[in-house]
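Comments concern the structure below.
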Number of protein chains: 4
Amino acid sequence: MDKGRLEAFSDGVIAVAITLLVLNVSVPMRDSLQHGQTLLDALGQRWPQYAAYVTSFLTVGIIWINHHAMISRLREADHTILIANLLLLMTIVVIPFSTNLMATYLHGGTMDQANLAAAVYGGTLLLMAFTFSLLNRQILLARAHLMHEAIPLADRRAIYRRAASGVIPYIAATALAAASAYATLIIAGVLVVFYATPIASSTQASQAPSE
Amino acid sequence: MDKGRLEAFSDGVIAVAITLLVLNVSVPMRDSLQHGQTLLDALGQRWPQYAAYVTSFLTVGIIWINHHAMISRLREADHTILIANLLLLMTIVVIPFSTNLMATYLHGGTMDQANLAAAVYGGTLLLMAFTFSLLNRQILLARAHLMHEAIPLADRRAIYRRAASGVIPYIAATALAAASAYATLIIAGVLVVFYATPIASSTQASQAPSE
Amino acid sequence: MDKGRLEAFSDGVIAVAITLLVLNVSVPMRDSLQHGQTLLDALGQRWPQYAAYVTSFLTVGIIWINHHAMISRLREADHTILIANLLLLMTIVVIPFSTNLMATYLHGGTMDQANLAAAVYGGTLLLMAFTFSLLNRQILLARAHLMHEAIPLADRRAIYRRAASGVIPYIAATALAAASAYATLIIAGVLVVFYATPIASSTQASQAPSE
Amino acid sequence: MDKGRLEAFSDGVIAVAITLLVLNVSVPMRDSLQHGQTLLDALGQRWPQYAAYVTSFLTVGIIWINHHAMISRLREADHTILIANLLLLMTIVVIPFSTNLMATYLHGGTMDQANLAAAVYGGTLLLMAFTFSLLNRQILLARAHLMHEAIPLADRRAIYRRAASGVIPYIAATALAAASAYATLIIAGVLVVFYATPIASSTQASQAPSE
C-alpha cells in the first residue's frame, strides 16, 4: 500500500484534533459574570485553559513533526502499520478531551479533583508517546523491509531506544500528578520548550518528543 | 475525472468525522458532581462513552483502510462513482451522532431506550457497510472499465461477494439490539478486533470490515 | 500560482463544512423527555434535522464535484481567482448554520418563523450558487488565458450560461419560502436528486447544481 | 525535510480553523425569543456575529494565500521553520475564540467589556501577523539557503520589510480598541477589502496582509 494516503489521512486527523483544542478556550457568558467581576477578571481566571491550550497544541504539533520524520523512512505500508498508526491517531484525538478535563479542574476544582484530572492528562500524553513508540518499533524493527533504505540493525536499535526513552518523562508527568497537578503541566510544558528549541533539534534531530 | 481529489476529499471527510467522535466524550461539569460523588466516580460512569469512542473510531478507521484499497483499484472516477462515494461519506458522517446516542442511553437510560439507541447505532454501521458495498459493486461490476487492470469477471464477483458478506454481522448487531444494547456494542467491538488483527489481514487481505 | 494548494485548501474547507452538518443532528437529552414521550417519539420529531442534513450534505457534495470539474479546467490561479474561490468557500461554510436554523424552526416554530428560517436557508444556497457562478465567470470568461486549453469564446459562453442558469431554482426556493418552508426544502431536495441521477450527469455532464 | 507535508498540514489546520468560525454564528433558541421579539429581530441583533465571521474568514483566508506564496519560495524545511510555522498555526487557531469573544460583547456587553473584547480580537490578529512575520524572517533572512532560488540580500530585505510592515495596522486596530470596539472591527474589515481587491494584488503582489 502506497504511503501517500496514510500521510494525508494522518495529517487530516492531527490537523482537526489540534484545531479542536480551541473549543476548550471558553468565552465567558455575559450572564455568568457575577456582581463586581469584570470581563478581565473572568478572562484572567481562565489561565489554565490558555496554558493547557499552548502545551497541548505544541505537544501534538511536535508529535506531527516526528510522525512525518518516521513515516518518511517508509517506502510503503502494510496492514499492521496502518493499524498501529490508527492506534496512535486514536490517542491523539483524545487529547482535546483530556486537555479540557485538566483545564476545568485546575482552577475551581478541589485539589483531589485537579490531581486526578492532571493524571488523566498526563496519562493520555503517555499513551500517545507509547503508541508512537509502538509504531516506531514496527517500522524500525519488525518491518524494516518496508523502509526506503537498509539501515544496520544496531543503528535501528539505537534510533528506537533513543526514541522509546521519550516515554519516560511522560511517566514522570503522570505519576507526579498525585502530588501536584501543576507538576504535570510544568513537565509537559518544559518538554515542549525543550523539543522546540534549536538545542534539542541539533542534538536529537527530529527524535522529539516521544521518540 | 482524476481520482486524486476524490481520495483527498474522502480522506478529509473521514478524518473530520473520526475526530469529531471525541466531542462525545464529555468532561463532568464541576456543578454536576452530586454530594458524595467524586470526579473518579463521574469519569467511571462515563465508560459507555469510552467504549463507544474506541469502537466507532476503529470501525471508521478500518473503513478508511478498505476505502483506500478499493479506490486504489480505480484508474479514474465518473459521476456515478462520485455520487456513490458521496452516499458512503454521508453515512460515515452520521456515526458521531449515533455513537453519542448509544453512549447517552447505554448508561442512565431505561432498557427500552438503550435498546433503541443501540439499534440506531447498529443501523448506521449497517448503512455504512451497505453503501460501501454499493460503491464496491459500482467499481468491481458495473464500471470495471474504469479499473487499473482487467480482472476476470469471476474473480471480481468473488471479491465482491466476500466484500458484500461483511454486511451480515452488522445486520446481526442491529437485530440483536432488540434483546440487548450490549450485544450490539460487543459485536461491533469484536468485528473491529477481528479486522485489526494480523489473522484477518492475512486471510482477507484488506477486505474488512464491510467488504 | 500553482493550483494544487487551491484544491487542497478548498477540499479541506468543504470537507470540514460538510462534516459539521452532523452537529445539527441532536441527541435528545434524557432529562428533556417529557412524561409519556418515548425516545422513539423524540427521535421521530427530529425529522426536519435528518431531511435538512441529507439535503445540505448532498447539495454541498455536488458543489464539490462541480468545483472539482471547474478547477480542473485551470492551469494556474491568480489573486482574483483565489479571492473569488474564498468568497465561494465563505458561503459554503455558512450552510451548517442555515441548515440548523431551518431544522430548528421547521418543527416547533410558528409558521412565520419557519418561513423566515427557510428563506435564510434558501438564501444561503442561492448565495453559494451565485458565488460559484462568479468563480465560473472568472475562469471561463475573464481569465480564460489561465485555462489548460483554448476553448472558443462561443463555447465558453455557452458553458457559462448553462452553469449560471443553475442559480434560478435557488431563487425560486428562496422566494417560495414566503409561502411555505416545506416548498424550499422540497425544491432543494428535488434539485439534489436531479443532479445526482445519471440523467442529469449524462445530459449536463458535471454542470450541476449551480453551474 | 520535504515541504509537501508542511503545506498539507498547514492547509488542514487553516481549513479547520476557518470553518470553525461558523460555530460562532448562533441559531436563536426557540425558548429564548422573548415576548414580542420576532425571529427576524433575534437574527438582526446578531449582526456582530455576521460582521465578525466575514472579517475573520477573509483575514484568515488571505493569510492562507500569503502563507502559500511564502512557502512556495522554500525548497525544503528544517526544524526551525517547522516550529515557526507551528507558532503561526497556533495563533491562527485562536482566532475562532477571539472572534466569538468580540461578537459576544460587541452587542449586549457594556462599553468597557466591548472594548476589552475588541482589544483581545485585535491582539490575536496582531499576534498572527507577528508570527507570520517571524516565519517570513526565517525563510527570507535566516535560512535563505533553503530557498528555491538565490535572491540578492537587498531584495530579500526589501520583501521582508514590506511584509513586516503589515503588522502596523494591527497594532493600530488593537490600540484603538481602548477608544472604540467598532474601530477595531472597521480597521480589520478595511484591511481585508484592501488586500482582496485587484489594486492591492497588483501593487503588492501577494504580500498581504501580514507580510
Side-chain angles (χ1 to χ4, degrees), chain C residues 1-21 23-24 77-121 124 142, chain D residues 4 7-31 33 38-44 46 49-50 53-62 64-69 71-72 192-193 195-202 204-208:
Chain C
M1 184 198 193
D2 174 61
K3 70 175 195 176
R5 270 191 83 180
L6 169 61
E7 289 183 332
F9 185 67
S10 303
D11 284 355
V13 170
I14 299 174
V16 181
I18 211 171
T19 310
L20 288 185
L21 286 168
L23 299 183
N24 297 334
D78 67 359
H79 190 71
T80 303
I81 286 177
L82 290 177
I83 295 295
N85 191 59
L86 209 53
L87 290 177
L88 170 61
L89 294 178
M90 190 169 72
T91 64
I92 290 175
V93 170
V94 170
I95 289 177
F97 159 75
S98 64
T99 302
N100 191 1
L101 182 72
M102 185 180 62
T104 299
Y105 286 94
L106 203 57
H107 185 90
T110 66
M111 218 182 87
D112 277 1
Q113 290 172 341
N115 291 1
L116 177 59
V120 173
Y121 180 67
T124 57
Chain D
E7 289 183 332
F9 185 67
S10 304
D11 283 355
V13 170
I14 299 174
V16 182
I18 211 172
T19 311
L20 288 185
L21 286 168
V22 76
L23 298 184
N24 296 335
V25 182
S26 67
V27 170
M29 286 299 91
R30 289 193 301 260
D31 300 344
L33 294 182
T38 63
L39 177 58
L40 188 62
D41 290 341
L43 287 172
R46 281 162 165 75
Q49 292 184 354
Y50 317 139
Y53 169 75
V54 171
T55 304
S56 291
F57 193 99
L58 292 178
T59 303
V60 174
I62 289 169
W64 172 77
I65 294 176
N66 291 331
H67 186 267
H68 182 289
I71 297 295
S72 69
V192 153
V193 172
Y195 287 126
T197 51
I199 306 122
S201 71
S202 62
Q204 297 215 345
S206 53
Q207 309 304 325

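Every chain is numbered from 1 and lettered A, B, ... according to where its sequence line falls, protein lines coming before strand lines. Note that the structure is a prediction, hence the values are computed from the model and not measured.
Neither the backbone nor the side chain of D:Ser72 has a heavy atom closer than 4.5 Å to any heavy atom of chain C. Within the 4.5 angstrom heavy-atom criterion, no atom of D:Leu21 approaches chain C. For D:Ser26, the part sitting under 4.5 Å from any heavy atom of chain C is the backbone (N, CA, C, O) and nothing else. With a threshold of 4.5 angstrom between heavy atoms, C:Leu87 approaches chain D through side-chain atoms but not through N, CA, C or O.
Other residues, nucleotides and ligands contribute only 12 or fewer heavy atoms inside 6.0 Å of the CE atom of C:Met111.
The CG atom of C:Leu86 sits 5.5 Å away from atom CD1 of D:Ile18, with the distance rounded to the nearest 0.5 Å. One distance of note links CG of C:Leu89 with OG1 of D:Thr19; it measures 8.0 Å at 0.5 Å rounding.
The two residues C:Gly12 and D:Ala15 come nearest to each other via the heavy atoms C-CB, 3.8 Å. Nearest heavy-atom pair across D:Val22 and C:Val94 is CG2-CA, 4.0 Å. Scanning all heavy atoms of the two residues, the minimum distance from C:Gly108 to D:Arg30 falls at O-CD, 3.4 Å.
Among C:Val120, C:Leu6, C:Leu82, the residue making the largest number of heavy-atom pairs under 4.5 Å with chain D is C:Leu82.
No side-chain heavy atom of D:Thr38 sits less than 4.5 Å from a side-chain heavy atom of C:Asp112. Two residues are said to be in side-chain contact when any heavy atoms from C-beta on lie closer than 4.5 Å; D:Ile65 and C:Ile83 meet this criterion. Side chains of D:Leu43 and C:Leu116 form a contact here, defined as non-hydrogen atoms less than 4.5 Å apart. Taking 4.5 Å as the limit, some side-chain heavy atom of D:Leu33 sits within range of a side-chain heavy atom of C:Gln113.
Relative orientation of the C:Phe9 and D:Trp64 rings is parallel, given thresholds of 30° and 60° on the angle between their planes.
Residues passing the side chain to side chain donor-acceptor pair (under 3.5 Å) test with C:Thr91 are C:Thr131, sequence neighbours excluded.
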